[in-house]
Q: 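Quick one: the structure is below, and I'll ask about it shortly.
Just so you know, these numbers come straight off a predicted model, no measurement behind them. Every chain is numbered from 1 and lettered A, B, ... according to where its sequence line falls, protein lines coming before strand lines. The figures that follow rest on heavy atoms only: side chains count, while hydrogens, waters and symmetry mates do not.
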Amino acid sequence: MARILCVAEKPSIAKAVANHLGGQARADNVRGIQWVKNYKFDYNFQSWGQSSVTFTSVAGHIQNMEFHTRYQKWTGCQPSELFDAPTEVFVAKDKKPIADNIASLAAHATILFIWTDCDREGEHIGSQVREIALKANPNMQVWRARFSNIERAHIIQAAGNPIRLDDAQVSAVSARIELDLRLGAAFTRMQTLALQNMMPQRDDVKKVISYGSCQFPTLGFVVDRYLRVRNFVPEPFWYIKVVHEKDGINVKFTWRRGHLFDRMAVIIIFERCVSAKVAKVTKTSKKPTKKWKPLPLTTVELQKMGSKFLRLTSQDVMKTAEALYTKGWISYPRTETDQFDRGMDLRKLIERQQQDGRWGPFAQSLMNGGFNQPRNGRNNDKAHPPIHPVNYVAPTQLNDNERRVYEFVVRRFLACCSEDAVGEATDVEIEYGGENFHAHGLTVIARNYLDVYPYDKWESSQNLPQYTVGEQLEPKESSMEEGKTSAPSYLTEPELIALMDANGIGTDATMADHIGKIKDREYVMARVKGAAGGNGGDSAGGNGRGRGRGRGRAGRGGREGAAAGHGEGGAGGAANGGVQEFIPTTLGIALIEGYDNVGFETSLSKPFLRKEMEVQMKAICEGRSSRNDVVQQNLDQYRAVFIRTTQQINVLKAAITKYVVQPNQN
DNA sequence: GCAAGGTC
């Protein structure tokens, strides 16, 4: 009988797959680690026949890359030496029991069957497993399973069709690891050593001034928005408003041109309207409209929605989702997939929610014929399904944060399985003095998914009276109004996550950590949006010294939006306090401005370099580049930035002086 | 005293 060692990326996958293949497989404990189990059972593989199987797992990466000891001490070498200092890869201290477990199991097996997630990092983790197993037993055959979810039929299919590890993907990840280590360490030490002594010290703690290929672009987004707010100059504009009364209803017509920045032009146009006296209806339409139900839930969307509606930071959202997952209430919370597999039994999941007091009745209505297959988004990571509730849990069993996140996940899921909201849109267009104006009305006919999903708002506007084309009307009121453009607001957490996502900064699992890191490093401050007031709420830096600079926000006209006219079908997002917004500290601004002033064409604060690295990783995966070429080329490019920065370190110091040391003298 | 990526 063949002896097969299967290894998954995480315990939950080992358990699920083992149970599909082996029935209620026996679970043995592993020395020195509680959450990893070895499942033992027999299984008849298509390729290897009746076999004795041990199914275990790792917990993410097992090994770490570090510099040789001499280079780990900050005083042991120049930071610039880290570009080519020798490195080694070794088992992380806390992963020792996991590695030992694999080694001892491998010694007694003939075949290694790797079941890590089918993504780039999963491929790399698989290669680490392979390395450890082969060291213990060089004669092993090594195979890999291709699977994208843990549905029974899919898993059995994967068990019968093993493939090979993709070494190109392994190389791509290993290039990333080396670059992140070398660049992170080199720039962090250089910056810290050069600038730390200029920083005002509190409580004798010397803070690291770190650089990382993700944290810097993240900071860059915050600073960029901050500067746009600060440099904002409101601009006045003018527009024409027309009101007509019919059937006792005041109908507000908005100008098709929105607004103009030329006052004289508006005066002339307005006079033409006034002298025309009478307006004419040119177009009416009444047509069905819909508000689409949301897409299946991805990690990025969960974090955006969580920081927007649940009053949690993205880090807390992730921590909470993680806890709900390990307790078995929701599915795996790190996924890019926004489409449910056709074969998945969604009704079974809905059924379990029927007992709830809040959304139970809605779940029942879905079970009684209201069910609709969820929409399909465009993403499928082929590793995990969208986030969904797995089992029902009563609110009393959860803490505050868990309750909120669980509720959101359930409501989102039920909404996905429901129906689009249906409404009727009425549009009326008039011509007045040669200008076009229009009015828009919405009547919600069937709320459908909105009943279970309060995070979306779509409400009927005032009914419009009946108009017919050609009808003449005399406005009750027409006036020329003035407004001014209002400043953008500081970057909110959901906006930042969206920017990171769009620019490929971090992964769904790490974006919240990068945000946490730039807070931790005191590059940015977070505060609740709208809670501006208070003493120095606007102040930057941990040292209590504000920027002393203008508060760019001009009074919010609010009119800009009103004049903008044709919005999409319905009302906008729900108003809700509690969103976090980020303001850079003096240190954060100084770092970004300092690097910008060093004037290299590719500033470290821009997302460009990270994006470029992503493109090169793809090239390695597709065999168009080699790992070595990519690493060397990137090191050369960053080394040039490094040299230039150290030569012009006074530019960086000047920025620190300007913003941190003497913030009020500029 | 450095990074970012997995996961518990």
Q: Please work out if Asp513(A) contacts a base, only the sugar-phosphate, or nothing of the nucleic acid, heavy-atom cut-off 4.0 Å.
A: nothing
Q: Would Arg164(A) pass as a cation-pi partner of Trp143(A), given that its NZ or CZ must be under 6.0 Å from the six-membered ring centre and within 45 degrees of the axis?
A: yes
Q: Taking atom types as modelled, is there a side-chain donor on Gln339(A) or Asn379(A) under 3.5 Å from an acceptor on the other?
A: no
Q: Name the nucleic acid region contacted by Lys206(A), choosing base, sugar-phosphate or nothing; use a 4.0 angstrom heavy-atom cut-off, strictly under.
A: nothing
Q: Earliest and latest nucleotide of DNA chain B, 5' to 3', sitting under 4.0 Å from a non-hydrogen atom of chain A?
A: dG1(B) to dC8(B)
Q: Over all heavy atoms of both residues, which pair between Ala512(A) and Gln303(A) is shortest? Give the atoms and the distance, please.
A: CB-OE1, 3.6 Å
Q: Report which part of the nucleic acid Met511(A) touches: base, sugar-phosphate, or nothing (heavy-atom distance under 4.0 Å, all strands).
A: nothing
Q: Describe the nucleic acid contact of His514(A) in one word from base, sugar-phosphate, nothing, applying a heavy-atom distance below 4.0 Å.
A: sugar-phosphate
Q: I need the residues from residues 7-20 of chain A with at least one non-hydrogen atom less than 4.0 Å from DNA chain B; give them sorted by number, or say none.
A: Glu9(A), Lys10(A), Pro11(A)
Q: If you measure from CD on Gln63(A) to CD on Gln128(A), what distance do you get to the nearest 0.5 Å?
A: 4.5 Å
Q: I'd like to know if the side chain of Arg610(A) pairs up with that of Ser213(A) as donor and acceptor (distance under 3.5 Å, no hydrogens or angles considered).
A: yes
Q: If you draw the axis of the six-membered ring of Tyr332(A), does the NZ or CZ of Lys10(A) fall within 45° of it and under 6.0 Å from the ring centre?
A: yes
Q: Under 4.0 Å, counting only non-hydrogen atoms across every strand here, what does Ala509(A) touch: a base, just sugar-phosphate, or nothing?
A: sugar-phosphate
Q: Would you say Asn64(A) and Lys95(A) are linked by a side-chain donor-acceptor pair, where the criterion is simply a distance under 3.5 Å?
A: no
Q: Please list residues of residues 320-338 of chain A whose heavy atoms come under 4.0 Å from any atom in DNA chain B, ordered by number; otherwise none.
A: Glu322(A), Tyr325(A), Thr326(A), Tyr332(A), Arg334(A)
Q: Which part of the nucleic acid, if any, lies within contact of Phe187(A), taking any heavy atom under 4.0 Å across all strands shown: a base, the sugar-phosphate backbone alone, or nothing?
A: nothing
Q: Tell me which of His384(A) and Ser213(A) sits closer to the 5' end of DNA chain B, going by the nucleotide each one is nearest to.
A: Ser213(A)
Q: What's Gln191(A) touching, base or sugar-phosphate or nothing? Going by heavy atoms closer than 4.0 Å.
A: nothing
Q: State plainly whether the residues Asp167(A) and Arg627(A) are in salt-bridge range, i.e. N to O under 4.0 Å.
A: no
Q: May I ask you to say what Gly122(A) touches in the nucleic acid, namely base, sugar-phosphate or nothing, with a heavy-atom cut-off under 4.0 Å?
A: nothing
Q: Looking at Arg225(A) and Glu495(A), does any basic side-chain N land under 4.0 Å from a carboxylate oxygen?
A: yes
Q: If you measure from the Lys or Arg side-chain nitrogens to the Asp or Glu carboxylate oxygens, is any gap between Arg176(A) and Glu121(A) under 4.0 Å?
A: yes
Q: Start at the 5' end of DNA chain B and walk down; is the nucleotide closest to Thr192(A) or to Gln63(A) reached first?
A: Thr192(A)
Q: For Glu123(A), which contact category applies under a 4.0 Å heavy-atom criterion: base, sugar-phosphate, or nothing?
A: nothing
Q: Report yes or no: does Glu123(A) contribute a side-chain atom to a donor-acceptor pair with the main-chain N or O of Asp166(A) at less than 3.5 Å?
A: yes
Q: Any Lys/Arg nitrogen of Asp94(A) or Lys96(A) sitting under 4.0 Å from an Asp/Glu carboxylate oxygen of the other?
A: no
Q: Could you tell me whether Asp94(A) contacts a base, only the sugar-phosphate backbone, or nothing, with contacts defined as non-hydrogen atoms closer than 4.0 Å?
A: nothing
Q: Would you classify Arg521(A) as touching base, sugar-phosphate or nothing, given that sugar-phosphate means primed atoms plus P, OP1 and OP2, and contacts are heavy atoms under 4.0 Å?
A: sugar-phosphate
